[in-house]
Amino acid sequence: MLTIEEAIARILSACRTTEVANVGLHDALGLCLAEDVVAPYGLPEFANSVMDGYAACAADLAGASAATEKALPLIGESRAGATPAALTPGTTMRIFTGAPIPQGADAVVMQEDVRVANQHVHFKDAPRSLAFVRMQGSDVAQGATVLRAGAMVHAGEIGLLASLGFSRVPVHKRPRVAILSTGDELRDVESERRPFTVVNSNAYALAALVREADAEPWVLPRVADDAEAIAEQIRIGLSADLLLSSGGVSVGDYDMVQDAYKRAHVSLDFWRVAMKPGKPLMFGKGGADGRTPVLGLPGNPASAMVTFELFARPAIRTMLGTATPMRPRVLVELTHSHSHAEGRVELARASLDLGDPYLRATLRENQTSGALSSMVGTDALVILPAEDKSFQEGQILEALMIRPPNSAQFRR
Ligand code: AMP
Ligand code: MG
C-alpha cells in the first residue's frame with residue numbers, strides 16, 4: 001500500500017500542463033501565465049505629483065522658513081491628462097494629484113503648507129528635491145521581469161498587466177475534468193424519492209470542488225454497477241484532461257470500477273493508499289495517447305471530497321501550471337483531546353479559528369466517511385499520524401488548510 005506522499009508524487013508526475021491560449025485579461029483570473037512578462041515601459045509612465053499643491057524647483061526655495069517665507073509668481077497649472085508648459089526658473093505652478101511634473105520643476109509642496117496672495121505663492125518650508133514626486137519608472141522599471149511563467153493571475157496581476165498595456169496574456173487553459181458517478185443505488189436530485197436509493201450528491205460536490213480548483217467540470221451521465229456501462233462512460237470521459245469517478249473501488253462484489261478500467265484500456269498504477277478516509281483509491285492512465293490521468297475516488301461522500309482535496313486538486317493545479325499545487329500546510333493547536341485507531345494516517349476534518357501563535361483546530365464530531373454534514377464548516381484537514389493513538393488538548397499538529405479560518409468565529 002502506498003503512502004499519501006508516494007501516491008501524490010505518482011499522480012503529479014503523470015500530470016502535464018494544459019495547452020496555452022491567449023486570453024483576454026478578464027478571463028485570465030485564476031489561471032497561470034505560460035510565459036514571463038517583461039515591462040515594455042516603466043511605471044509610472046511619467047513623473048507625476050503625489051499631492052494637490054504647487055510645483056517648483058527645490059533650489060528656488062532653499063532657505064524658506066516660517067520666519068522668512070519665499071514668494072514665487074504663480075504662472076499656470078498642471079492637471080491630470082494635460083501637457084503642462086515648462087516651468088520658468090523662479091516661478092511656481094499649480095499642480096494636482098497625478099498631473100505631470102512640468103519640465104524645470106523637481107518638487108511639489110502641499111497646498112496646505114502655502115499661502116497664496118496677489119498671484120504669488122508664499123512658501124514657509126524648503127522642500128527637498130523630489131518631494132511628493134512619483135518618479136517615472138519608480139514602481140516598475142522598463143525591461144524588468146514583472147511576472148514569471150507559472151504565476152497565478154489574481155486581481156493585482158491583472159491590474160499590473162493592464163497598466164503595462166497587455167490586453168491579452170498567454171495562460172494555461174482551464175483543465176476539463178470529467179466526473180463519473182457509479183452505483184446501482186443512485187438517483188438524480190430532481191427525481192422523486194424511491195426506497196433504498198440515494199441522491200447522486202458526489203456529482204454536485206465534486207463539480208463544485210473542480211470549480212473551486214479553477215477547472216471546468218464535465219458531469220457525465222451516472223452509471224449502474226455494471227463494468228461495461230462504466231467502461232463506456234470512461235471511454236467518453238477520457239477525452240477530458242482528467243477523469244474522476246466515484247464509487248465502486250472497494251473489494252465488494254459490486255465494485256466494478258477496476259474491471260471497467262481494464263475494459264477501457266486504462267492502465268492501473270495503484271489502487272490503495274494508506275490513509276483514512278479513502279483507503280481504496282485507484283489511479284491509472286488511459287485515453288488516445290495513454291496519458292490521461294484517471295482517479296477512482298471512493299463513493300462515500302466525505303471520502304470522495306477528502307481524497308479529491310489530497311489527490312485530484314493538486315493534479316488540477318499542476319495542469320494549470322503552478323509550481324505550488326498543494327494546499328498550504330500549517331501548524332494548528334488542537335482545542336480538545338481526541339483518539340483514533342492507530343495504523344493509518346487520518347485526515348481529520350476540522351474547523352479553524354484564529355489563535356495566537358497557532359490557528360486553533362476543532363475536529364468535526366462525526367469523522368465517518370459517509371458523514372456529508374462534516375464537510376460543512378471544514379476549514380482544514382488535520383493530519384493525525386498513524387503511529388499515535390491519542391492526542392491532547394493544546395497539542396500542535398500539521399494540517400492542510402482548505403480555506404482561511406471563519407473570521408466570524410474570531411472572538412478576542
Ligand atoms: P462505494 O464506494 O460504491 O462502495 O459506495 C460507498 C458509499 O457511498 C455507499 O453508501 C454509496 O451509496 C455512497 N455513494 C456512492 N456513490 C455516491 C454518489 N455518487 N453520491 C452519494 N453517495 C454515493
Ligand atoms: Mg457502489
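The figures here come from the full heavy-atom set of this structure, side chains too, leaving out hydrogens, waters and symmetry mates. Order of appearance sets the numbers: ligands from 1, and atoms from 1 within every ligand.
- Aromatic ring orientation, F391 versus H340: perpendicular (interplanar angle above 60°, classes split at 30° and 60°).
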side-chain hydrogen bond (donor to acceptor under 3.5 Å, both in side chains) evaluation trace for T197 with R187: CA-CA 6 Å; T197 63; R187 71 167 193 268; 2.9 Å; yes
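- At a cut-off of 3.5 Å, with distance as the only test, a side-chain donor of R94 or Q111 sits close to an acceptor on the other residue.
- Ligand 1 is surrounded by S181, T182, E185, L186, V198, V199, N200, S201, N202, S246, G247, G248, D255, G299, N300, P301, each with at least one heavy atom closer than 4.0 Å.
- In this structure, CZ in F283 is found 9.0 Å from CZ in R10, a value given to the nearest 0.5 Å.
- For the residue pair T97 / S49, no side-chain donor-acceptor distance below 3.5 Å is found, with atom types taken as modelled.
- In summary, the side chains of N200 and S181 do present a donor paired with an acceptor at a separation below 3.5 Å, with no hydrogens or angles considered.
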